[in-house]
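Just so you know, residue 1 is the first one in the sequence shown, and it goes up from there. Every heavy atom of this structure was used, including side-chain atoms; hydrogens, water molecules and symmetry mates were not.
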Amino acid sequence: MTQVGQYVYDVIVIGAGAAGIGVGVALKHAGIENFRILDRQRVGESFDRWPAETRFITPSFPTNSVGMLDLNSIAIGVSPGYSLEVEHPTGQEYASHLRGVSQFFELPVQEGVDVQSIDRAESLFQITTSSEALFAKHVIWAAGEFQYPRRHGFPGCEHCMHTATVPSFAELKGEEFIVIGGSESGVDAAFHLSSSDKSVRLFDSAQPWEDESSDPSVSLSPCTLERMREEWFEEQVELLPNTPIASVDQVDGAYEVRAVDGSVFRTSTRPLYAGGFSGSHLLIENMFELREDGFPLLTENDESSLVPGMFLCGPLVRHDHHIFCFIYKYRQRFAVVAKAIANSLGLPAEELEKYRRWGMYLDDLSCCGEECVC
């Protein structure tokens with residue numbers, strides 16, 4: 001596969017978002033210098049694409065001085081709460097923070113590189129881009145999920161606008177809206193629309209705002225539940241729980257949203273669909289076996305069970321029933337991946353041990369899963 005004299009990287013990271021930048025810092029701390037981080041746009045692009053009003057539901061505080069890492073930090077020694085001076089950053093603010101982290105740690109990022117395919121042969125990976133072929137001993141897939149919204153939830157889903165594609169809720173025309181999906185993104189959309197005196201009907205197949213789990217990956221955050229108690233939210237938003245949607249049709253210039261129970265709801269504005277994300281791993285599905293839930297099957301080091309040397313970082317990481325979909329969750333696995341790669345390269349990576357003291361080296365999953373009792 002390689003040609004004589006072809007340069008080979010120790011690691012190539014795909015994606016320069018929170019996961020790609022965070023694991024890039026961990027690679028440097030592991031003593032790995034011969035690597036590149038590739039992104040088809042620029043550092044933090046997914047966060048730049050968030051709706052203008054959307055903010056982090058996890059709060060940021062500069063708590064490093066007391067030995068606790070900012071919940072939204074992706075590296076030891078940095079804090080978006082400190083650098084941005086905001087508690088709940090917008091996507092655009094957080095993107096600027098990631099660019100600052102990348103520059104501070106002098107990460108080898110190449111922007112504007114579109115990865116078209118990844119193949120493995122002769123113990124090396126060939127990463128084919130729009131301009132060249134690169135070769136590496138290891139690949140870390142950190143492309144995330146936000147830019148890959150799910151668009152196939154029900155017949156007529158194409159008539160809806162996915163909430164991830166809304167530039168600004170304030171710019172949406174109309175007075176009445178239907179939002180399909182009552183998890184974080186759906187409630188976020190309803191909150192911002194109702195704050196502008198828009199009437200909203202919020203549908204969900206279950207009732208996530210009543211979920212009693214203390215795992216924020218499966219229940220609404222305290223920040224979101226608090227916003228649902230705002231006076232304008234309670235006045236302007238009609239909650240329709242346990243109402244799965246069967247289809248959406250466009251009829252006579254309006255939209256008909258039909259529930260599974262046969263109820264029909266009409267709206268003159270395009271329905272908003274908060275249906276989650278398909279995930280970027282589907283772009284390289286030949287590199288991973290899939291679990292029953294459709295997520296990649298990983299080894300204890302977040303390596304593909306199918307292709308040795310292919311690692312996964314970011315919100316798509318799953319182990320048993322553990323979901324690593326928030327930054328403060330998946331950052332705990334950066335050192336695990338960096339350590340595994342360093343060991344394969346014969347590097348001791350002793351500096352990574354300090355990650356344990358900062359809650360960023362979770363290699364024992366038996367400590368996870370404890371529920372709050374009160």
Side-chain angles (χ1 to χ4, degrees), residues 8-38 64 67-69 73-78 101-102 104-109 118 120 123-125 127 136-144 281 287-288 295-320 322-368:
V8 176
Y9 291 98
D10 286 331
V11 191
I12 284 183
V13 182
I14 312 298
I21 297 301
V23 77
V25 175
L27 291 174
K28 293 200 76 170
H29 284 154
I32 301 170
E33 296 289 343
N34 180 29
F35 72 96
R36 285 290 180 272
I37 302 174
L38 310 180
N64 294 19
M68 298 172 63
L69 206 59
S73 177
I74 45 87
I76 296 171
V78 303
V101 172
S102 175
F104 178 81
F105 286 98
E106 299 180 340
L107 297 181
V109 177
I118 301 176
R120 180 177 170 86
S123 300
L124 288 177
F125 290 94
I127 298 91
K137 299 175 184 176
H138 309 86
V139 171
I140 300 175
W141 187 260
H281 65 289
M287 292 285 164
F288 292 97
F295 287 93
L297 181 63
L298 305 172
T299 71
E300 62 182 7
N301 295 320
D302 293 354
E303 187 175 12
S304 168
S305 60
L306 184 65
V307 181
M310 169 64 72
F311 292 82
L312 181 68
C313 276
L316 299 170
V317 172
R318 302 287 189 276
H319 285 284
D320 297 325
H322 304 307
I323 304 172
F324 292 84
C325 64
F326 285 116
I327 286 174
Y328 67 86
K329 285 188 169 188
Y330 62 73
R331 72 183 182 188
Q332 298 177 104
R333 305 292 294 177
F334 295 159
V336 173
V337 171
K339 178 75 170 183
I341 293 175
N343 286 346
S344 73
L345 295 172
L347 300 173
E350 295 174 352
E351 192 173 351
L352 288 178
E353 286 302 313
K354 69 181 180 182
Y355 278 59
R356 295 187 190 277
R357 299 195 298 272
W358 289 92
M360 284 188 68
Y361 198 150
L362 179 62
D363 55 355
D364 179 9
L365 298 178
S366 65
C367 66
C368 301

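- For the atom pair CD1 of Ile14 and CG of Leu312, the computed distance is 12.5 Å after rounding to the nearest 0.5 Å.
- Counting heavy atoms from C-beta outward, Val11 and Ile32 have side chains that approach closer than 4.5 Å.
- Ionic pairing of Asp363 and Lys339 is not present here: no N-O contact between side-chain nitrogen and carboxylate oxygen is shorter than 4.0 angstrom.
- Put simply, OH on Tyr9 and NZ on Lys137 are 13.5 Å apart, with the number rounded to the nearest 0.5 Å.
- With rounding to the nearest 0.5 Å, the separation of CZ in Arg356 from CG in Asp364 is 9.0 Å.
- Heavy-atom minimum distance, Phe324 versus Gln332: CE2-NE2, 4.4 Å.
- Side-chain contact between Met360 and Phe334 is present, with heavy atoms from C-beta onward closer than 4.5 Å.
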Verdict with reasoning, Val23 to Ile37, per side-chain contact (heavy atoms from CB on, under 4.5 Å): CA-CA 10 Å; Val23 77; Ile37 302 174; over 6 Å; no
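- Taking 4.5 Å as the limit, some side-chain heavy atom of Val25 sits within range of a side-chain heavy atom of Leu107.
- Checking side-chain atoms of Glu303 against main-chain N and O of Gly309 turns up a donor-acceptor pair under 3.5 Å.
- The distance from atom CG of Leu362 to atom CZ of Arg331, rounded to the nearest 0.5 Å, is 11.5 Å.
- Ring orientation note: the planes of Tyr328 and Phe326 are close to parallel, at an angle under 30° on the 30°/60° scale.
- Proximity of Ile118 to Met310: side-chain heavy atoms (C-beta onward) are separated by under 4.5 Å at one or more points.
- Between Phe311 and Ala340, the closest heavy-atom pair is CE2-CB, 4.0 Å.
- Taking CZ of Phe288 as the start and CG of Leu316 as the end, the distance is 9.0 Å to the nearest 0.5 Å.
- Here the side chains of Cys325 and Tyr330 are not in contact, with every heavy-atom distance at 4.5 Å or above.
- For the pair Arg120 and Phe125, the cation-pi test (distance below 6.0 Å, angle within 45°) is passed.
- Heavy-atom neighbours of Glu353 CD from other residues, nucleotides or ligands within 6.0 Å: above the threshold of 12.
- When all heavy atoms are compared, the tightest approach of Phe105 to Ile76 is CZ-O, 4.0 Å.
- Of all the heavy atoms in Asn343 and Pro348, the pair that sits closest is OD1-O, 4.4 Å.
- The number of heavy-atom neighbours closer than 6.0 Å to CD of Glu106, taken from other residues, nucleotides and ligands shown, is 12 or below.
- Side-chain contact between Val13 and Leu38 is absent, with no heavy-atom pair separated by less than 4.5 Å.
- Residue Gly314 comes nearest to Ala19 through the heavy atom pair CA-CB, 3.7 Å, listed as atom of the first residue, atom of the second, then distance.
- Checking Asp302, Val336, Ile140 one by one against Cys313, the side-chain contact (heavy atoms from CB on, under 4.5 Å) holds for a single residue, Ile140.
- Of the possible donor and acceptor atoms, one in the side chain of Ser73 sits under 3.5 Å from a partner among the backbone N and O of Val78.
- The backbone N or O of Pro296 lies less than 3.5 Å from no partner atom in the side chain of Arg318, so there is not a single donor-acceptor pair.
- Although no hydrogens or angles enter the test, the distance criterion places no donor-acceptor pair under 3.5 Å between the side chain of Lys28 and the main chain of Glu33.
- Residues Ile12 and Ala136 come closest through the heavy atom pair CG1-CB, 3.9 Å.
- Note that CG of Leu298 and NE2 of His319 are 5.0 Å apart. Values are rounded to the nearest 0.5 Å.
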Worked verdict on Tyr355 versus His29 for side-chain hydrogen bond (donor to acceptor under 3.5 Å, both in side chains): CA-CA 10 Å; Tyr355 278 59; His29 284 154; 2.6 Å; yes
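- A side-chain donor-acceptor contact under 3.5 Å links Asn34 to the backbone of Val8.
- When atom types are taken as modelled, the side chain of His138 and the backbone of Ile341 share no donor-acceptor pair closer than 3.5 angstrom.
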